[in-house]
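In what follows, chains are A, B, ... by sequence order, proteins preceding strands, each numbered from 1.
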Amino acid sequence: MGCWLVKSEPYEYSWEQLRKDGRTYWDGVRNYQARNHLQAMKKGDAVLFYHSNEGLAVVGIARVVEEAYPDPTTDDLRWVAVGLESVETLKTPVALSDLKKDRRLQNLALIKQGRLSVMPLTKDEFEIIVAKGRENQ
DNA sequence: GCCAACGTTGGC
DNA sequence: GCCAACGTTGGC
């Protein structure tokens, strides 16, 4: 099973909104690297949801429910969207500053390549972050 | 609001 | 195909 992390500005589409909607379409990606990652997602893959700009923390876990298909927000066939469904709200948001402090997470694309909005995680990285999010405080 | 890090565009 | 100029993202 693959593990991923997606970023969203809470203004644009927040985790709370995904919780409310239950399921959403991850579209609007206009970056080749991010697009390639979207294309590689498989049904059932786990996806961490990160709030950028405001919040700066991993806030929840989602799951891929629909694999890549042409992005309905454009006629340009280069771009794709996937279907995501919310799974679990983390008890404690895991702040970017905490991720940066963890020696085991220094290879995170989130840290090394700030502008990438969809990125793969190793299973270990995924579990470390989820474990932090399930702790109290 | 600033700026670093990228990505994209377009002239040559 | 190079590279300068410009635009965008996102942390601070």
Classify the side-chain pair A:Arg30/A:Ser117 by whether it contains a donor and acceptor separated by less than 3.5 Å. no
Which listed nucleotide (C:dG10, C:dC12, B:dT8) is nearest to the side chain of A:Ser52? C:dG10
Using the ring of each side chain (for Trp, its six-membered ring), is A:Tyr13 parallel, tilted or perpendicular to A:Phe49, with breaks at 30° and 60°? tilted
Please tell me if A:Gln113 has a side-chain N or O lying less than 4.0 Å from either OP1 or OP2 of C:dT9. no
Starting at CG of A:Asp98 and ending at P of C:dG11, how long is that distance when rounded to a whole Å? 14 Å
Taken to the nearest whole Å, CE/A:Met119 to C1'/B:dA5 is 14 Å
Taking atom P of B:dT8 as reference, at what distance in whole Å does atom CG of A:Asp76 sit? 12 Å
Can a side chain N or O of A:Tyr50 be found less than 4.0 Å away from OP1 or OP2 on C:dT9? no
Does the side chain of A:Lys7 get closer than 4.0 angstrom to OP1 or OP2 of C:dT9 through an N or O atom? no
Once you round it to whole Å, what is the distance between P of B:dA5 and CG of A:Leu110? 16 Å
A:Asn53 CG to C:dG11 P: how many Å, rounded? 6 Å
Would one find more than 12 heavy atoms of other residues, nucleotides or ligands at under 6.0 Å from atom CG of A:Asp76? yes
Nearest-Å distance, NE2 (A:His51) to C1' (C:dG11)? 16 Å
Gap between atoms OH and C1', on A:Tyr32 and B:dT8 respectively (whole Å): 9 Å
Please give, in whole Å, the distance from C:dT8 C1' to A:Gln33 CD? 15 Å
With the side chain defined as heavy atoms from C-beta on, A:Lys100 is closest, among C:dC12, B:dT8, C:dG10, to C:dC12
Pairs of donor and acceptor atoms involving the side chains of residues 55-69 of chain A, under 3.5 Å and at least two apart or interchain, shall be tabulated with distances.
| residue | atom | partner | partner atom | Å |
| --- | --- | --- | --- | --- |
| A:Arg63 | NH1 | A:Glu85 | OE2 | 2.5 |
| A:Glu66 | OE1 | A:Arg23 | NH2 | 3.3 |
| A:Glu67 | OE2 | A:Lys43 | N | 2.8 |

